[in-house]
There are 2 protein chains.
Amino acid sequence: MDKKDYRSTLIETATRLFAERGLHGVSIRELASAAGVSISMISYYFGGKEGLYSSVLQEQFACYVHIEEIRNRDAAPLNKIEDYIRWTVRRHRNQPYLLRFYTSELTNPTRFFSEIVQPAIGRVIQVLIEIVEEGIAQRQFRKGLNPVDTVLVMAGMANYYFLSTLATESFINHSPERDEELIQHYLDIFTKGILV
Amino acid sequence: MDKKDYRSTLIETATRLFAERGLHGVSIRELASAAGVSISMISYYFGGKEGLYSSVLQEQFACYVHIEEIRNRDAAPLNKIEDYIRWTVRRHRNQPYLLRFYTSELTNPTRFFSEIVQPAIGRVIQVLIEIVEEGIAQRQFRKGLNPVDTVLVMAGMANYYFLSTLATESFINHSPERDEELIQHYLDIFTKGILV
DNA sequence: GTCTATATTGCGATAGAC
DNA sequence: GTCTATCGCAATATAGAC
């Protein structure tokens, strides 16, 4: 908790509040009061509430450029898939509110979706499709696989674990200590399936 | 488009608008105007905007009781898993706005989450865990599987396909004609994995 | 840069006529 | 059951003092 300037403090506070209640669920009064500044600061630094929301969104999705490093790694397709899963888990742990923006923009898109969110998610899916196609071409993955469906299974399992937290936390342990075990199980199921 | 009473018309209109923009994203003025009634009808029938939202939510999640039929079927665990996937796809196709409420309540819960949404989703996950445990006990599924992680993979892949639509529709075909193929691929990957 | 005060608009709810 | 009119309040944005 270093001393921050008002601009950073506002972004920090807004990230939490927008994540918890959405763009329309929070007023600039509440935002300013929670950040300990006056409401006029929001217009001053961000040009209004939507500008602040847009800045928060850009910061949250900036990390998606990292998919290019996974893409360009000189590694076997299966290792890249492991990279993707580890990176996804790490992303959600480091940015506890990321998934809120991710899903809230996917289901109730604001006018910033097409500019910030769609390119980020779309690019990740495209890179993953490339990786699966590469794996099939190198005969490491099965021939009959549909790359698109394979990728959606993979992205689904990696993200849904975090999405489901609120509905299952009363009977499923979601603590970070179990992450390594989770990653191993996910890779195991994804590569070998569930049948004996 | 039958002739409907105002109550049903309001539920129908509100389902679309709340799904697209969330509880706070829509005003009762807009709701009433889109439904072609006066705003006082919302108080009259539902006791206010939140009452209307609650009715919409209850209607959307009523279908979740159907998981008990899958649970009680006299069928092999693998067949029950296929049932679950088919039922999930059907559910999202029949109720195009269901996933909006599902994810928006999971990420920005309203005060109706714990009463309506959590019990529905939680129960489905619990039944699926039972099914996987049964499959392991009957030696149809692999011994080392963690039932919880297995279920989260399954629920993730079944739901994420629909969740991702908005970000991938420009390069992935999400039309219902492909659903049967999708279900087959998903079952195939989930049972056999991706490796050769 | 930061504040207070205020302009203006839109909100949810409801009283009361029909 | 349904409407119009209106109340009281909270919203965003900004002008202007410091």
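Proteins come first, then strands; the chains are lettered A, B, ... in the order of their sequence lines, and each starts at number 1.
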Whole-Å gap separating [atom2] ([N]) and [atom1] ([X]):
X: B:Ile39; N: D:dT2; atom1: CD1; atom2: P; value: 15 Å
X: B:Arg21; N: C:dC11; atom1: CZ; atom2: P; value: 11 Å
X: A:Lys49; N: C:dT9; atom1: NZ; atom2: P; value: 19 Å
X: B:His24; N: D:dA10; atom1: NE2; atom2: P; value: 16 Å
X: A:Leu23; N: D:dA11; atom1: CG; atom2: P; value: 14 Å
X: B:Leu31; N: C:dA13; atom1: CG; atom2: P; value: 11 Å
X: B:Arg29; N: C:dC11; atom1: CZ; atom2: P; value: 6 Å
X: A:Glu50; N: D:dT14; atom1: CD; atom2: P; value: 13 Å

For a quick check of understanding: with a heavy-atom distance under 4.0 Å over all strands, which category does [X] fall into, base, sugar-phosphate or nothing?
X: A:Ser40; value: base
X: A:Tyr44; value: base
X: B:Ile42; value: nothing
X: A:Phe46; value: nothing

Main-chain N/O of B:Gln60 paired to B:Gln95 side chain as donor or acceptor, under 3.5 Å: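 Present.
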
Exam field: side chain B:Ser55 to backbone B:Gly51, donor-acceptor pair closer than 3.5 Å: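 Between the backbone of B:Gly51 and the side chain of B:Ser55 there is a qualifying donor-acceptor contact (under 3.5 Å).
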
B:Ser27 side chain N/O closer than 4.0 Å to the phosphate oxygens (OP1, OP2) of C:dC11?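 Result: yes.
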
Among [options], the one nearest [X] by side-chain distance:
X: B:Ser38; options: D:dT4, D:dG1, C:dT4; value: D:dT4
X: B:Met41; options: C:dG12, D:dC3, D:dT14; value: D:dC3
X: B:Ile28; options: D:dT2, C:dG12, D:dT14; value: C:dG12

Could you walk me through whether A:Arg178 and A:Ser175 pass the side-chain hydrogen bond (donor to acceptor under 3.5 Å, both in side chains) check? CA-CA 6 Å; A:Arg178 222 178 67 74; A:Ser175 86; over 6 Å; no

Establish, for the pair B:Arg7 and B:Tyr44, whether the NZ or CZ atom is under 6.0 angstrom from the six-membered ring centre and no further than 45 degrees off its axis.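 Checked: cation-pi criterion not met.
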
Can we say B:Glu69 and B:Lys80 salt-bridge, meaning some charged N sits less than 4.0 Å from an Asp/Glu carboxylate O?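 A salt bridge is absent here (no side-chain N lies under 4.0 Å from a carboxylate O).
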
